[in-house]
Amino acid sequence: MHTRFRPDHQLTARMVLTMFLLGLVYVAFIAALVVLIKSVVVIVLIVGALLWAQFWFSDRIALYAMRARIVTAEQEPVLHGIVDRLCATADMPKPRIAIADTELPNAFATGRSTRHAVICVTTGLLRRLDAEELDGVLAHELSHVAHRDVVVMTTASFLGVLAGLVTRFTMYSTMFGGGRDRRSDNLFLAILLVMAVSAAVYAISFLLIRALSRYRELAADRAGAILTGSPSALASALTKISGDIARIPSRDLRADQPFNAFFFAPAFGAGVSLSTLLSTHPSLEQRLDQLARLTTELGPGV
C-alpha cells in the first residue's frame with residue numbers, strides 16, 4: 001500500500017524474524033501433534049478453521065468484545081474529520097471508525113487488512129483529550145494500520161491461542177478419561193506429552209509476540225508523531241491516559257486487560273513493575289524519552 005508513513009526497516013526486520021521463529025515453533029508443534037494424535041485430517045481441520053476464523057473475523061470479534069459500534073460521519077463529524085485529515089496527510093485509505101462506550105480512555109486498531117481496518121476509540125478517551133492529543137493518538141493507530149501491525153500480530157498470536165486450546169482439551173481428556181489399563185496408560189502419557197508441548201509452545205510464542213509488540217508500539221509512536229509533527233501532543237496524551245488508567249477501579253481494568261495487545265496504552269493500574277517485563281507495551285518512561293528525542297530531532301519549531 002502506498003502511504004507517506006516512512007518505511008520502518010527495523011520494524012520490518014523484527015516482524016520477519018519473529019514470524020520466522022514462530023513458524024519454526026509452529027512446524028514443530030504440528031509435527032508433535034501428528035506423531036502423538038496420529039490424525040492429520042483432524043489437526044489440519046482444527047488448525048485451518050481456527051486460523052481462518054481469527055484472521056477473517058478479527059475486527060468483528062474485537063468490536064463485539066468491546067461492545068463497540070461503527071459510527072458514520074453524520075454521527076461523529078469531528079472524529080471523522082480528524083481521521084480524514086490524517087489519512088489525506090498519510091496518503092492512505094480511510095479505515096472504518098468505531099466507538100466503545102467505556103470509561104477506560106483508550107484506542108485500538110484491528111482488521112484483517114489495510115482496506116478492512118477499523119480504528120476504535122472509547123468515550124472515555126474522547127472526553128479526556130484535546131484536539132491535538134487526539135490527533136496524536138489517532139495517528140499512532142493509523143501507523144499500525146499502514147505498517148500492517150494488526151495483520152502480523154493477529155497471525156502471530158494465533159499459535160498461542162491454538163496451544164492454549166490444545167492444552168485445555170488435553171486437560172479435560174485427562175480428567176474425564178476412561179479406565180487404567182495399559183492402553184489407557186499409554187494414552188495418558190501421550191496426553192501429558194501433548195500438554196507439555198502445548199505449554200512450551202505457548203510460552204515461547206508468548207515471549208516472542210510481546211517482544212515484537214513492545215517494539216511496534218515504539219515504532220507507531222514515532223511514526224504518528226512525525227505524521228502530526230507534534231511529539232509533545234502525543235506525549236501529553238500518553239501521560240494523561242496513563243494517569244487516568246491508574247485511577248480506574250481494578251475490577252474494570254481486569255475486564256479490559258485481554259485487549260492490551262491492541263490498546264494504545266495498556267490497561268494496568270499502579271504497582272505493576274514486574275508485569276511490565278512481559279508487557280505488550282514499553283514503559284511510559286521509554287515512550288516519553290523517545291518522543292523527547294524526536295522533538296529535538298524535528299527542531300525547535302515542533
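Computed over heavy atoms, backbone and side chain alike; hydrogens, waters and symmetry mates excluded. The residues of the chain are indexed from 1 along the displayed sequence. What you see is a predicted model; the values in this text were computed from it and never measured.
Judged purely by atom type and a 3.5 angstrom limit, S236 has no side-chain atom pairing as donor or acceptor with the backbone of S232. Distance alone, capped at 3.5 Å, places no donor-acceptor pair between the E217 side chain and the R214 backbone. A donor-acceptor pair is defined here as one N or O able to donate and one able to accept, closer than 3.5 Å; such a pair exists between the side chain of Q75 and the backbone of T72. The main-chain N or O of V71 is found under 3.5 Å from a side-chain atom of H80 such that the two form a donor-acceptor pair. No donor-acceptor pair closer than 3.5 Å links the side chain of S213 to the backbone N or O of I209. With hydrogens and angles ignored, the 3.5 Å screen pairs a side-chain donor or acceptor of T123 with a backbone N or O of T102. Distance alone, capped at 3.5 Å, is enough to place a donor-acceptor pair between the T122 side chain and the L104 backbone.
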**OP:** Test E297 against L294 for side chain to side chain contact (heavy atoms under 4.5 Å, CB included), laying out the working first.
**Re:** CA-CA 5 Å; E297 291 176 17; L294 186 56; 3.7 Å; yes

Original post:
Hey, mind stepping through I97 and V118 against side chain to side chain contact (heavy atoms under 4.5 Å, CB included) and telling me if it holds?
Top reply: CA-CA 6 Å; I97 300 174; V118 181; over 6 Å; no

Subject >> Derivation and outcome, salt bridge (charged side-chain N to carboxylate O under 4.0 Å, His left out), residues K94 and D84 >> reply: CA-CA 7 Å; K94 179 184 176 182; D84 283 334; 2.9 Å; yes

**OP:** Step by step, work out the side chain to side chain contact (heavy atoms under 4.5 Å, CB included) result for L129 and I241.
**Re:** CA-CA 8 Å; L129 301 188; I241 291 172; 4.3 Å; yes

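Side-chain contact of D221 with H140: a donor-acceptor pair under 3.5 Å is present, judged by distance alone.
Taking each heavy atom of E141 and A107 in turn, the nearest pair found is OE2-O, 3.5 Å. P93 and C87 make their closest contact through O-SG, 3.9 Å (heavy atoms, listed as atom of the first residue, atom of the second, distance). Shortest non-hydrogen contact noted between V121 and L79 is CG2-CD2, 3.7 Å. Residue R128 comes nearest to E103 through the heavy atom pair NH2-OE2, 2.8 Å, listed as atom of the first residue, atom of the second, then distance. The two residues G224 and S143 come nearest to each other via the heavy atoms N-CB, 4.5 Å.
Between H144 and R216 there is a side-chain heavy-atom pair separated by less than 4.5 Å. The closest side-chain heavy-atom distance from L134 to L126 is below 4.5 Å. Within the 4.5 Å cutoff, no side-chain heavy atoms of D135 are placed close to those of L234. Between I99 and C120 there is no side-chain heavy-atom pair separated by less than 4.5 Å.
Residues passing the salt bridge (charged side-chain N to carboxylate O under 4.0 Å, His left out) test with E132, sequence neighbours excluded: none.
Once rounded to the nearest 0.5 Å, the distance linking CD of E133 with CG of L138 reads 12.0 Å.
When D59, T114, L142 are each tested for a side-chain contact (heavy atoms from CB on, under 4.5 Å) with P95, only one passes: L142.
Counting heavy atoms of neighbouring residues, nucleotides and ligands inside a 6.0 Å radius, atom CZ of R127 exceeds 12 of them.
By the criterion of side-chain heavy atoms lying less than 4.5 angstrom apart, applied directly or through intervening Ile, Leu, Val, Met, Phe, Trp or Tyr residues, V145 is not grouped with L218; the two fall into different hydrophobic clusters.
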